[in-house]
Amino acid sequence: MLVSKILTVGGKEGFHIRLADKFTGEMMKYSSDIKIRWKGKEVNGKSIMSILSLGIRSGSRIEIVCTGLDETDMLCRASSIIENEFS
Amino acid sequence: MTYAGLGCSQGYGEGNARIIREVPLDYSKVVFTSVSDEKKRLNSAIEAFCANTEKLVNSLRAKTSSGGECDILSGHMAMIKDPFMLGQMENFIENGHTAESALATVCGIYIDMFSAAEDDLTRQRANDIIDIKSRILKIMLGVKEEELENLPPGTVIVAHNFTPSMTSRINHENIAGIVAEKGGLTSHSAILARAFNIPAVLGVEGITSKIKSGDYVIVDGTNGEVHVNPNREQKHKFFRLKNRAIEAQREINAYRGKETKTADGIKINLYGNIGKPSETKALIENDAEGVGLVRTEFLFMDRFNIPTEEEQYRAYAQVIDAVGRDKEVVIRTLDIGGDKDIAYLNLKKEGNSYLGLRAIRYCLDKKDIFSIQLRAIMRAAKKGKIKILLPFVSDVEEIRETKKLIKSLSEEMSKERVHFSDNIRIGTMIETPAAVISADLLAKEVDFFSIGTNDLTQYTNAVDRGNPKVKNYYRVASPAVLRSIKRVIDVALENGIPVGMCGEAASDPMLIPVFLSFGLREFSVSPYNILSTRKIISAWDKKRADEITKEVMTMSCASEIEAFLKKKTDRVYGISN
């Protein structure tokens, strides 16, 4: 199985270090795999370096894809972080 | 010798150079022992790195007041702890690489990835990984870090790449300037240099091989220049500039708390523009006499849905509370479209967004969104002296439609028994040629004008202000734009309505006398330009401003006008070239 969602990255600095740190820390708590897709690239959503290497800017639309046993919970948590934690 | 680079942190510094050379980190002679040993060495080096960094963060926190600088180094710890990257390093070890080689190879992959990113900020982050990599390698190889903690007073640091960890280790009071081959405005070293107020010139190619330790160096962070062993003349010029900068700041500060008036006593209203609520503080500190422009877009940005009436009301009320109920606050309604996008509004891509559904056109098309904002403003108007300013107006009908909407909203709010005021003055931005040409018609419909010189120049001269190729056509001092501004002020005076100016030109020392002569009596500028604008206004009297302006209006092109104004105004401001 696989669940996915398209989200908009807000905030002034886009997907910055602090957010990526928090995001990957939370994602690590789930056993499922998570991928972030943006502009034809796909990276591991549990890796802060991979996320930062994309340089996702504020206002970008990204796709989050989760696969595994707790994929629905994981996707839910991932979107709530992206929707609420940008500052 | 003089070398040019990017001035990344303003100011003038001088002192003796100290070259920080990168120690070559050669690990080719390290012998692979066993997989478990190499992994252990890698992990303990990373742990030591994190412990050192933690210490640096704490000492940095004691040196600076803002937290942003510490976040840069905390970020380094978060980056190196990435389990995915660590897994890649361990993979290399399992394939027979030493800990050093595994670290260097994997970091190298990320450095390449970051360097290839489209976005400048991400490219600059590659420097952070270089910093991390070399610091961990130094730990593994037992190489000591450069001595930076005890540099003598008046040191100019010259480095290939001035890294964030270096910035946090220096005794910043002793550092007169920073010069580096790498780095740009958004690099972490630039951010840190600005936080410590150290003049910095970055991106100076090959500079480490051109300067020797001990050379006398002048760092001009304002103009992006480095003078090495300058001659007497250069030194002279430098001290003149430095003293002038100090003197100018002192003179400007003397205008705090003073009335804004011309040399012959004409009273001028000097207001400030703000783009976000946090700027209200700067506005008050710099002595604004009112708020000439509140850009409300900020309320709609950095979020995922339209701000509610309550949220908007609180934001507007906050501005009134901060500046005082007796001060005028001009709120410009949502100016969206053009170059400003908001993701959740799902604005359709337009072939020519500057001529598309932007600002008032968008608001009248989406009356539900517009109504929320108008209701919030009307509620806040109960608390203070609020005026409403409509952006991008090109036709009288847009004003009439807005007034009709306000009327129906006030009926609705009366029924709901909400506290509000509908005794609000409504004005229009003058920023399209249509508004200039039909200013006489608009004047009959509105209570005031506000001239937005940025867009007015763009639309009058038909020049995209974001396009560097046509930069030369974007000139406020062109005959077409100056004639437009004059007409608008004339019409406002004939009709007895106030007229202000809120574009960047309102704080331009060269143009201020021209606007004064046209009859402009309200200037709204960035908070940081308020005091300098007050000083400039006070240097002019009507007679002198009129003389210059009369001549300007006979000239036929922007270059001629600019050259003439520069000569005339420099004389008044006491600048000799």
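Order of the sequence lines sets the chain letters (A, B, ...), proteins ahead of strands, with each chain counted from 1.
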**Student:** Between A:Met49 and B:Tyr110, what is the shortest heavy-atom contact and its length?
**Tutor:**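 So the two residues come closest at CB-CE2, 3.6 Å.
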**Student:** Applying a heavy-atom distance below 4.5 Å, give me the residues of residues 78-92 of chain B that approach chain A, sorted by number.
**Tutor:** B:Ala78, B:Met79, B:Asp82, B:Pro83, B:Phe84, B:Met85
**Student:** Heavy atom to heavy atom, less than 4.5 Å: which residues from residues 101-109 of chain B reach chain A?
**Tutor:**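 So far as heavy atoms go, nothing in residues 101-109 of chain B approaches chain A to under 4.5 Å.
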**Student:** Apply ring-ring contact (aromatic ring centres under 6.0 Å, His included) to B:Phe49 and list each qualifying residue two or more places apart in sequence or on a separate chain.
**Tutor:**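 B:Phe49: no ring-ring contact (aromatic ring centres under 6.0 Å, His included) contacts found.
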**Student:** For A:Thr67, give me all partners under side chain to side chain contact (heavy atoms under 4.5 Å, CB included), at least two apart in sequence or on another chain.
**Tutor:**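 Listed in chain order: A:Leu2, A:Asp33, A:Glu71.
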**Student:** Which one, A:Arg57, A:Lys46, A:Met28, leads in non-hydrogen pairs under 4.5 Å with chain B?
**Tutor:**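 Between A:Arg57, A:Lys46, A:Met28, the count favours A:Arg57.
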**Student:** Where is the tightest heavy-atom contact between B:Ala117 and A:Ser53, given as atom of each residue plus distance?
**Tutor:**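 So the minimum-distance heavy-atom pair works out to CB-O, 4.1 Å.
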**Student:** Top residue by heavy-atom pair count (under 4.5 Å) with chain B, among A:Gly59, A:Ser47, A:Ser60, A:Gly55?
**Tutor:**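 Most heavy-atom pairs within the cutoff with chain B belong to A:Ser47.
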